[in-house]
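Comments concern the structure below.
Because the structure is predicted, anything quoted here is derived from the model rather than measured. Side chains are part of it too, since the values below use all heavy atoms of this structure and drop only hydrogens, waters and symmetry mates. Every chain is numbered from 1, with letters handed out A, B, ... down the list of sequences.
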Amino acid sequence: MPDDTQVVPALELRGVSKLFGDHEVLARIDLRVMPGETVCLLGPSGSGKTTLLRCINWLETPDGGVILLRGKRVGVRQTHDGILPMHDRELAAIRTRIGMVFQHFNLWPHLTALGNVIESPIHVLRRPRREVVHEAEYLLEKVGLSDKRDVYPAYLSGGQMQRVAIARALAMRPEVLLFDEPTSALDPELVGEVLTVMKDLAHEGMTMIVVTHEMQFARDAASRIVFLDKGRVIEEAAADEFFERPKTERSRQFLERYNR
Amino acid sequence: MTLRMDVIWHNAPEFLSGLANTIWLCGVSMLLSLVLGALFLGVLTSRRRQLRVAAQTFVDAGRCVPFLLLTYIVYFALPAVGIVLDKWTAALGTLVLYNTAYMAEILRAGWLSLPSGQTQSARAFGYSGFLLLRRIILPQILIAVGPVIGNQLIQLIKDSAFLSIITIPELTFVANEVQSYYFIPFESFLVATLMYWLLCSGIEWLVRRGEKWASLVRRNHA
């Protein structure tokens with residue numbers, strides 16, 4: 001396939017497959033995300049969205065296909081003996097470049113809000129503490145939580161925890177940021193505050209892949225929609241296009257349920 | 001019967017040095033076996049099956065041998081196969097060996113109680129191996145099992161009395177020496193009991209203090 005662009009995709013998936021036993025969760029998924037794009041993965045539950053996201057940073061090992069982060073392969077390395085799986089440490093190094101925000105936040109409960117944000121830049125990236133703290137304070141302010149700096153996660157609401165989790169991911173200065181249903185575990189009145197932060201990021205040019213059921217967010221913030229069903233990409237289109245003129249029957253049905 | 005507390009008072013330095021020996025032996029071996037237990041945790045949760053089985057076998061065996069028997073083995077049986085240790089090394093070694101098996105098991109239970117999302121989010125942020133254990137997993141485990149470790153320390157202090165069998169001058173040994181020399185078993189053992197009680201109450205107090213802090217971290221948390 002000739003490369004028609006000069007820019008290397010931030011992330012590229014070619015033929016990524018995943019099996020759980022006999023069940024094909026992902027069937028040869030292709031996906032290209034250019035720097036600055038926000039791609040929303042939509043689809044009914046069980047369509048493989050979350051698994052796809054988790055294959056990108058190798059939390060789930062794909063059974064086939066290629067994942068490229070800025071043109072460099074994730075999860076495997078080329079040696080004289082052929083292609084071998086990456087060692088834990090190589091994998092860890094690559095993962096520092098891919099940020100992730102989880103459905104259930106997964107903040108570290110033994111660390112304060114600030115502690116959560118500075119933890120990995122200091123101990124994994126080994127950046128100087130002062131600089132990291134300074135940046136973390138800015139990030140907490142950005143997500144509107146400066147006053148919660150010294151509070152433990154147990155004392156934060158779900159929306160606050162998720163905003164800390166976003167700041168924590170941003171502190172790593174990731175090249176791509178993955179969101180795995182970031183608002184699904186939140187009370188309805190807390191969803192807005194998290195989506196606002198995410199929209200700001202999208203408009204600032206952060207490269208993001210977002211698994212979500214929030215159609216309004218997808219419409220407002222996504223540059224592109226990828227619609228999955230039963231482990232396959234059924235439709236891929238610009239956001240306006242997808243919501244105004246869905247091309248497939250399956251995506252029309254899907255959207256109808258949300259518009260009702 | 002009049003209590004000969006004057007004799008006890010006269011021998012206060014002996015009692016205090018016995019208490020001090022009990023404290024440092026148990027304190028040092030507790031710290032050592034915490035470190036070793038943490039290393040064992042790495043092996044117990046390893047993906048390599050043979051390593052895991054070997055470690056589990058050691059831990060299970062360690063927890064089944066009575067402390068007194070283990071002391072006999074280290075001090076009296078090992079010289080028969082050419083390993084001669086002085087009594088202090090033997091004492092410390094026995095305590096560490098015995099306690100490490102418990103620590104490994106306690107830490108493993110704490111590890112099992114961690115929500116799986118914890119390790120996962122840490123891996124996604126580039127943690128692996130020892131760094132993952134030290135920064136993310138161990139602190140949470142210690143918060144979860146702190147009180148159990150406190151109890152184990154109390155257990156260890158009581159077991160350390162068996163070390164008098166190899167003439168380590170710890171608290172029980174001293175109490176026995178004093179009572180047999182002056183024929184005052186009641187006073188001597190009473191004082192030793194009180195000292196053990198004070199020591200263990202102190203540890204319980206520390207554990208409760210720690211719990212207060214831990215509950216800050218834990219509130220609401222699954």
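Atom CG of residue N106(A) and atom CZ of residue F125(B) lie 9.5 Å apart, to the nearest 0.5 angstrom. The CE atom of M100(A) sits 10.0 Å away from the OG atom of S121(B) when rounded to the nearest 0.5 Å. Here the CD-CZ distance, from Q120(B) to R54(A), works out to 4.0 Å after rounding to the nearest 0.5 Å. One finds the CD1 atom of I136(B) at 6.0 Å from the CG atom of L111(A) (value rounded to the nearest 0.5 Å). Expressed to the nearest 0.5 Å, how far OG1 of T96(A) lies from OH of Y127(B) amounts to 11.5 Å.
Of all heavy-atom pairs between W108(A) and A122(B), the closest is CZ2-CA, 3.7 Å. For the residue pair Y155(A) and S215(B), the shortest heavy atom distance occurs at OH-O, 4.4 Å. Here the closest heavy-atom approach between residue S128(B) and residue A92(A) is recorded as OG-CB, 4.1 Å.
Of the possible donor and acceptor atoms, none in the side chain of H110(A) sits under 3.5 Å from a partner among the backbone N and O of L142(B).
At most 12 non-hydrogen atoms from other residues, nucleotides or ligands lie less than 6.0 angstrom from OH of Y138(A). Within 6.0 Å of atom CZ in R73(A), more than 12 heavy atoms from other residues, nucleotides or ligands are found, so the atom counts as buried in its surroundings. The neighbour count for F20(A) CZ, taken as heavy atoms of other residues, nucleotides or ligands under 6.0 Å away, is above 12. More than 12 heavy atoms of other residues, nucleotides or ligands lie within 6.0 Å of CZ in R77(A), so this atom counts as buried by the packing criterion.
Put simply, the side chain of H104(A) does not reach to within 4.5 Å of the side chain of P115(B), judged on heavy atoms. No side-chain heavy atom of W58(A) sits under 4.5 Å from any side-chain heavy atom of R123(B).
Using a 4.5 Å cut-off between heavy atoms, N57(A) contacts chain B through its side chain alone, with no backbone atom that close. For a residue to count as touching a neighbouring chain, one of its non-hydrogen atoms must lie under 4.5 Å from one of that chain's; by this rule R97(A) does not touch chain B. Residue L178(A) does not touch chain B at all, counting heavy-atom pairs closer than 4.5 Å.
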